[in-house]
Amino acid sequence: MLDPKLIRANLEEVAQGLAKRGFTLDVELLRSLEEERKAIQIKTENLQSERNSRSKNIGKAKAAGEDIAPLMSQVEQLKQDLAAAEAELHLVQQNLDDYLSGVPNIPAAEVPEGASEDDNVEVRRWGKPREFDFEVKDHVDLGAELSGLDFDTASKITGARFAVMKGGIARLHRALIQLMLDTHLAEHGYEEVNVPYIVNADSLFGTGQLPKFEEDLFKLNDERGFYLIPTAEVPVTNLLRDTLLDKEATLPLKFVAHTPCFRSEAGSHGRDTRGMIRQHQFEKVELVQFVKPEQSDEALEALTGHAEAILQKLGLPYRTVILCGGDIGFSSAKTYDIEVWVPSQNKYREISSCSNFRDFQARRLKARYRDPETGKPALLHTLNGSGLAIGRTLLAVLENYQQADGSVLVPEALQPYMGGLTRIGG
RNA sequence: GGAAGGGUGGCAGAGUGGUUGAAUGCACCGGUCUUGAAAACCGGCGUAGGUUAAUAGCCUACCCAGGGUUCAAAUCCCUGCCCUUCCGCCA
């Protein structure tokens, strides 16, 4: 949620900032709702003030043993007027809130202009795609030949966009999780957390998935309105919902969590239907940071580096792009995508998305700290990024480390987690 | 699943329908004292919204959430959520 004061004071500038992401702010609607709100609020508060003072007088008169009947008759009409004004105010405020909760974050100044992912700008590249002297296979064929990846059985058990992993590949999958968690703990200073995979609607509102993106979620058939998490971002960022950190709290707070993620992939029919790229259920190691506002720009660079470090350890070529205005997520002010080299597709594919949300989520969450300078509560800045998506990393390892005989070498960094195994198959 | 008791400031914890935004303690901030610190003492200290040039004043709201009763609700009533204790069940 954007700062209502900012919108009020700088309506045109806000609209201009949002235009960069192709969002048209309804300036006229906001202006008229705001005028209405102001008038009704003042009227309501005046009535409340009058009620309060009259009620106090009644109390005093009663205590003094005076006759309160005349005072009571004066207050009759007031009660009705107040009820009407309060109802009206409630309605306008609801309309304002409904509209504002659907307004996305303003892209940072350095976010490039553009309409789609084609306009994202590469900021760096690491590693060189390997030259193959044989016909490369994709991970689906490799996995099938190794009897380690089975999409047909998964579709029997559940349906499309699920996978069964077995043997060395299942273990490789687990090894990736361990490597990532251990690296972020020991080398990047994150604290490991284990969180619920089922969340309530308030949590999803806090991070911005609701109210706009409900169709992307799996909702449980449960009267409590629970959802499966689409990312650990939701439960981990909500650790600080409705929280005011005291002055002694050490910032930044850095959490890493491994969770499954569940996405309905509504609207992506026909895209990436083969293999592990786009599944209804996948696992991810997620990095989340809560930082002081003045540190969030820097923190995004660091966090992105933490995710990149995993790819470097694995020896997987990647490039990092900054998302353009048209491609950036709803809650984000600035996002870097890290894209790993996928030999079978001969291109880089997203494996991590690292975002600075500034105070956009924190305002919805009421995640605050006490600013030691002013002694006053202030909104934190939140950031998160995949560090990394496990399924896609597995896919990248299989394809980039494949051998002519169909076997797959185990990257050195993973061998300790594989009981010293250096090769799968062959 | 059954029974009972709770949810109040950053934390702990009082609170009888009416000068209660809320006692008290801790924490925190300022001061006195001290070579310095601690202790003691004095003072201050909630959040949000509105109005405003104002982080001054004034007004409003907020005691888990949402409804209700009342001239007036932290206090009474209803619903929901959560927590604690006991019993039952269970990985």
Side-chain angles (χ1 to χ4, degrees), chain A residues 1-10 30-31 33-101 194-206 210 220 222-227 235 238-251 253 290 293 359 362-380:
Chain A
M1 188 116 80
L2 294 173
D3 185 355
K5 282 185 189 162
L6 178 78
I7 294 180
R8 228 173 282 155
N10 304 299
L30 271 176
R31 227 194 285 276
L33 278 175
E34 191 45 45
E35 261 174 46
E36 214 181 328
R37 190 225 91 228
K38 193 165 170 170
I40 296 170
Q41 183 166 345
I42 290 170
K43 179 172 134 197
T44 306
E45 290 186 358
N46 285 338
L47 287 169
Q48 285 171 329
S49 178
E50 192 166 336
R51 176 207 57 197
N52 290 345
S53 62
R54 289 189 184 226
S55 289
K56 269 184 187 171
N57 287 337
I58 291 174
K60 273 195 252 182
K62 211 175 163 187
E66 292 166 20
D67 178 20
I68 58 169
L71 290 170
M72 297 286 276
S73 66
Q74 281 173 19
V75 98
E76 253 169 52
Q77 184 62 36
L78 186 61
K79 195 187 175 188
Q80 287 169 34
D81 293 347
L82 181 56
E86 280 177 341
E88 211 180 340
L89 180 62
H90 187 77
L91 189 69
V92 186
Q93 248 153 9
Q94 192 63 53
N95 287 340
L96 259 176
D97 285 351
D98 286 351
Y99 185 76
L100 290 180
S101 65
N194 190 297
V195 291
Y197 306 154
I198 296 175
V199 294
N200 59 34
D202 286 344
S203 294
L204 288 157
F205 179 83
L210 290 181
L220 298 186
D222 178 300
E223 69 280 2
R224 287 169 291 197
F226 287 162
Y227 298 81
N238 274 278
L239 287 172
L240 291 205
R241 171 148 58 88
D242 295 323
T243 301
L244 173 58
L245 296 175
D246 65 27
K247 239 175 286 190
E248 289 73 40
T250 48
L251 287 170
L253 289 172
F290 298 90
D359 62 11
R363 184 168 294 108
R364 292 173 162 233
L365 292 161
K366 296 190 190 70
R368 299 171 300 165
Y369 74 110
R370 200 174 282 284
D371 185 342
E373 302 277 308
T374 63
K376 291 286 168 192
L379 292 171
L380 288 159

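Labels below follow one simple rule: chain letters A, B, ... track the order of the sequence lines, proteins then strands, and each chain is numbered from 1. These numbers come from the heavy atoms of this one structure, side chains and all, not from hydrogens, waters or symmetry mates.
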Complement of B:G21, any strand, by Watson-Crick or G-U distances under 3.5 angstrom
none
Enumerate donor-acceptor pairs with a distance under 3.5 Å from any side-chain N or O in residues 82-91 of chain A to protein atoms, sequence neighbours excluded.
| unit_1 | atom_1 | unit_2 | atom_2 | d |
| --- | --- | --- | --- | --- |
| A:Glu86 | OE2 | A:Gln48 | NE2 | 3.0 |

To the nearest angstrom, how far is A:Leu78 atom CG from B:U60 atom C1'?
14 Å
With sugar-phosphate taken as primed atoms, P, OP1 and OP2 and all else as base, the protein-contact string of nucleotides 43-50 of chain B at under 4.0 Å (heavy atoms; B, S, -) is ----SSBS
Any sub-3.5 Å donor-acceptor pair from A:Arg364's side-chain atoms to A:Ser101's backbone N or O?
yes
To the nearest Å, give me how far apart NZ (A:Lys43) and C1' (B:C59) are.
17 Å
When the P atoms of B:A74 and B:U20 are compared, how many Å lie between them, rounded to an integer?
13 Å
In whole Å, what separates the C1' atom of B:G9 from that of B:C87?
37 Å
In whole Å, measure the gap between the P atoms of B:U75 and B:U8 for me.
14 Å
Between A:Pro377 and A:Leu244, which heavy-atom pair has the shortest distance, and what is it?
CB-CD1, 3.8 Å
Name every donor-acceptor pair, under 3.5 Å, that has one atom in a side chain of residues 57-64 of chain A and the other anywhere in the protein, sequence neighbours excluded.
| unit_1 | atom_1 | unit_2 | atom_2 | d |
| --- | --- | --- | --- | --- |
| A:Asn57 | ND2 | A:Ser53 | O | 3.4 |

Determine the contact category for A:Asn52: base if any of its heavy atoms lies under 4.0 Å from a base atom, sugar-phosphate if only primed atoms, P, OP1 or OP2 are that close, otherwise nothing.
sugar-phosphate
Those residues at least two apart in sequence (or on a different chain) that pass side chain to side chain donor-acceptor pair (under 3.5 Å) with A:Gln94 are A:Asp98
Quick one: list whatever passes side-chain contact (heavy atoms from CB on, under 4.5 Å) with A:Ser203, sequence neighbours left out.
A:Val199, A:Asn200, A:Val234, A:Asn238, A:Arg241
Under the side chain to side chain donor-acceptor pair (under 3.5 Å) test, residues paired with A:Asp81 that sit two or more places apart
A:Gln77
Do the side chains of A:Leu245 and A:Leu380 get nearer than 4.5 Å, heavy atoms only?
yes
Treating primed atoms plus P, OP1 and OP2 as sugar-phosphate and everything else as base, which nucleotides of nucleotides 68-80 of chain B get B, S or - for protein heavy atoms under 4.0 Å?
--SBS--------
Salt bridge (Lys or Arg N to Asp or Glu O under 4.0 Å) contacts in which one or both residues fall within residues 46-56 of chain A, not counting sequence neighbours
A:Glu50-A:Arg54
Report the base-pairing partner of B:G1 (Watson-Crick or G-U wobble, both distances below 3.5 angstrom), or none.
B:C87
Partner nucleotide, any strand, of B:C41 [Watson-Crick/G-U, under 3.5 Å]:
B:G31
Roughly, in whole Å, what's the span from CG in A:Asp242 to P in B:C81?
18 Å
Could you give the distance separating B:A40 and B:A48 at their P atoms, to the nearest angstrom?
32 Å
Using atom C1' in both nucleotides, what's the gap between B:A56 and B:G13 to the nearest angstrom?
34 Å
Re B:A73: Watson-Crick or G-U wobble partner, both distances kept under 3.5 Å, found to be none
Using the P atom as the reference point in each nucleotide, state the distance between B:U55 and B:C33 in Å, no decimals.
35 Å
Could you work out the separation of B:A12 and B:U19 based on their P atoms and round it to a whole Å?
27 Å
What residues form a side-chain contact (heavy atoms from CB on, under 4.5 Å) with A:Glu36, not counting sequence neighbours?
A:Leu33, A:Ile40, A:Val92
Where each residue is assigned the nucleotide of RNA chain B containing its nearest heavy atom, which of A:Asn46 and A:His90 is assigned the position nearer the 5′ end?
A:Asn46
If you measure from the P atom in B:G80 to the same atom in B:A61, how many Å do you get, rounded?
29 Å
